Amino acid sequence: MKIRKAVFPVAGLGTRFLPATKAQPKEMLPLVDKPIIQYSVEEAAAAGITQMIMVTGKGKRAIEDHFDSAYELEEVLRSKNKDDLLRQVEDISRLGKFIYVRQQQPPLGLGHAVLMAREIIGDDAYFAVFYPDDVMNCPTPCIGQMMEIFAQNNGGIIAVKETDEEGQKRYGIAAVEPTDNPRLFKITDVVEKPGPENAPSNLAIMGRLILPKEIFDELEGAKAGIGGEIQLTDSIRSLIKKMPFYAYKFEGEALDAGEILGYLESTVKLAIKRKDIGEQFRNLLRQILDKNSEG
Ligand code: UTP
């Protein structure tokens with residue numbers, strides 16, 4: 001069974017980045033020179049996903065333009081022989097087939113956003129969900145690693161990482177049983193932000209999921225949870241009782257570009273990894289820090 005479709009919920013208000021997100025989508029803020037959302041779409045495409053379903057909302061049109069071809073810009077780059085830039089710009093619209101569905105205002109939560117994709121997922125038994133705030137810094141695409149696991153263990157697969165007490169307050173946490181594969185666990189329950197006293201493990205749920213289409217029935221019937229929003233975790237929780245779900249400790253690191261400190265950390269980590277500017281940027285950081293410590 002192949003995963004062909006991915007859902008990208010991008011309709012949120014991005015309040016943690018105000019005022020930057022007053023008139024532009026959070027998902028279009030740049031990490032170095034690429035918008036946050038492009039990292040997830042590239043990851044999906046690299047793993048063979050061909051249909052990119054964006055759940056958008058008010059003020060998110062820049063996302064549609066970004067993944068469309070840009071005829072005039074391409075002509076200008078061509079006439080100036082800026083071949084590298086031309087290729088980069090053209091490649092964006094070739095990352096897949098882009099399908100847009102709108103979540104009406106006010107956005108009612110991540111679970112509600114995913115539900116908007118129900119008709120587009122149609123009869124596909126399983127599909128991928130990407131939270132674009134989580135930018136994966138992995139040796140092979142995180143969703144590709146999960147698709148390999150999925151090929152051997154049909155069921156829902158959720159990316160997890162080991163976390164600390166702070167993370168147990170911030171993330172959904174999975175209750176698990178071990179399997180023969182040290183990176184793979186059978187999920188018995190998930191709890192949203194339990195805190196260290198109630199956390200069933202140290203495995204935090206990250207923004208890559210392979211979900212069965214049965215999730216939509218759960219979401220249809222879901223009531224608003226924390227913050228008046230329809231939480232995806234609540235629907236996964238009910239589905240775990242009916243279908244197999246696995247937690248996969250992926251190889252690599254998740255960068256959280258969805259809040260300010262995580263965004264700055266992501267920017268620095270991605271910039272120092274770059275072949276073209278990495279070395280210079282490291283030196284620049286050292287200089288800035290040395291100057292600061294001198295007072
Ligand atoms: P977040 O909760 O991080 O995004 O949701 P947000 O609501 O935009 O951020 P803050 O808390 O106000 O700063 C993770 C992803 O889910 C999308 C967001 O756009 C983001 O990409 N989302 C969230 C939706 O599409 N719809 C929603 O109702 C909520």
Side-chain angles (χ1 to χ4, degrees), residues 5-31 34-44 52-64 66-67 98-121 127-136 142-143 158-159 161 167 169-172 190 192-193 204-209 211 215-216 218-220 222-236 254-266:
K5 298 177 182 170
V7 177
F8 302 84
V10 293
L13 299 176
T15 52
R16 282 170 288 180
F17 283 92
L18 282 169
T21 48
K22 186 179 172 208
Q24 67 172 332
K26 165 176 81 172
E27 296 79 8
M28 286 299 293
L29 297 177
L31 286 174
K34 256 193 248 180
I36 294 176
I37 179 70
Q38 192 176 331
Y39 289 88
S40 288
V41 173
E42 285 178 349
E43 181 189 325
M52 314 293 175
I53 303 161
M54 301 270 166
V55 183
T56 70
K58 192 171 186 303
K60 300 283 177 161
R61 210 166 292 160
I63 298 176
E64 293 183 38
H66 185 70
F67 290 105
F98 290 87
I99 303 157
Y100 295 91
V101 55
R102 208 165 152 116
Q103 184 186 21
Q104 285 174 353
Q105 299 290 302
L108 292 177
L110 198 54
H112 182 251
V114 172
L115 180 58
M116 298 296 104
R118 179 171 205 162
E119 279 73 23
I120 307 168
I121 298 299
F127 62 99
V129 175
F130 285 71
Y131 304 173
D133 285 357
D134 286 348
V135 173
M136 298 304 192
C142 179
I143 198 73
I158 299 178
K161 72 164 185 189
K169 290 183 203 156
R170 275 180 57 192
Y171 298 113
V190 287
E192 194 55 56
K193 304 185 175 80
I205 296 175
M206 296 289 105
R208 299 291 180 273
L209 306 96
L211 295 178
I215 193 74
F216 293 122
E218 303 296 329
L219 287 168
E220 290 278 9
K223 298 209 171 64
I226 299 176
E229 296 191 338
I230 295 179
Q231 304 288 339
L232 187 57
T233 323
D234 292 343
S235 294
I236 292 174
L255 303 173
D256 180 4
E259 49 96 25
I260 289 181
L261 272 181
Y263 175 81
L264 295 173
E265 181 187 349
S266 309

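Order of listing sets the numbers, starting from 1, for every ligand and every atom in it. Note that the structure is a prediction, hence the values are computed from the model and not measured.
Listed for the Arg208 side chain is a donor-acceptor partner under 3.5 Å among the backbone atoms of Asp134. Thr233 places no side-chain N or O within donor-acceptor distance of the main-chain N or O of Glu192, the cut-off being under 3.5 Å. A side-chain donor-acceptor contact under 3.5 Å links Glu43 to the backbone of Ile143. Lys26 places no side-chain N or O within donor-acceptor distance of the main-chain N or O of Leu18, the cut-off being under 3.5 Å. Not one N or O on the side chain of Gln231 forms a donor-acceptor pair closer than 3.5 Å with the backbone of Asp234. Counting only distance, with no hydrogens or angles, the side chain of Lys5 and the backbone of Ile121 share a donor-acceptor pair below 3.5 Å. With Tyr39 contributing its side chain and Leu31 its backbone, the two residues share a donor-acceptor pair below 3.5 Å.
Under 4.0 Å from ligand 1, the heavy atoms of Asp133 that appear belong solely to its side chain. When non-hydrogen atoms are compared, ligand 1 lies under 4.0 Å from the side chain of Ala113 (C-beta onward) but not from its backbone. Of all the heavy atoms of Glu229, none lies under 4.0 Å from any atom of ligand 1, so neither backbone nor side chain is involved.
Enclosure of atom CD in Glu64 by more than 12 non-hydrogen atoms of other residues, nucleotides or ligands within 6.0 angstrom is indicated.
Less than 4.0 angstrom separates some heavy atom of Gly109 from each of these atoms of ligand 1: 26 (N), 27 (C), 28 (O), 29 (C). Listed by number with element, the atoms of ligand 1 under 4.0 Å from a non-hydrogen atom of Leu108 are 28 (O). For ligand 1, the atoms closer than 4.0 angstrom to any heavy atom of Pro132 are 21 (O). Atoms of ligand 1 found under 4.0 Å from any heavy atom of Thr15 (numbered from 1 in listed order, with element): 10 (P), 11 (O), 12 (O), 13 (O).
Between the NZ atom in Lys58 and the NZ atom in Lys60 there is a gap of 11.5 Å [rounded to 0.5 Å].
Of the protein's heavy atoms, Lys26 NZ, 3.1 Å lies nearest to atom 4 (O) of ligand 1. Atom 25 (O) of ligand 1 has its closest protein heavy atom at Ala11 N, 2.7 Å. The nearest heavy-atom contact from the protein to atom 13 (O) of ligand 1 is Arg16 N, 2.8 Å. With hydrogens left out, the protein atom closest to atom 8 (O) of ligand 1 is Gly14 N, 2.7 Å, a heavy atom. Nearest protein heavy-atom contact of atom 26 (N) of ligand 1 is Gln103 OE1, 2.8 Å. Counting only heavy atoms of the protein, atom 22 (N) of ligand 1 lies nearest to Gly12 N, 3.5 Å.
The option from Leu18, Leu110, Ile230 that lies nearest to atom 16 (O) of ligand 1, judged by heavy atoms, is Leu110. By heavy-atom distance, the residue among Pro25, Pro107, Pro9 lying nearest atom 20 (C) of ligand 1 is Pro9. Comparing Met116, Glu27, Lys60, His112 against atom 19 (O) of ligand 1, the shortest heavy-atom distance belongs to Glu27.
Taking any N or O of Tyr131, backbone or side chain, none lies under 3.5 Å from an N or O belonging to ligand 1. Where the criterion is an N or O separation shorter than 3.5 Å, residue side chain and backbone included, Gly258 fails it with respect to ligand 1. Residue-to-ligand polar distances place Leu13 within reach of ligand 1: an N/O pair is separated by less than 3.5 Å.
Aromatic ring orientation, Phe17 versus Tyr263: perpendicular (interplanar angle above 60°, classes split at 30° and 60°).
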Exercise. Please lay out, stage by stage, how Phe98 and Phe8 fare under the test ring-ring contact (aromatic ring centres under 6.0 Å, His included).
Key: CA-CA 11 Å; Phe98 290 87; Phe8 302 84; 8.0 Å; no
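The two residues Gln24 and Leu29 make their nearest non-hydrogen contact at NE2-CD2, 3.7 Å.
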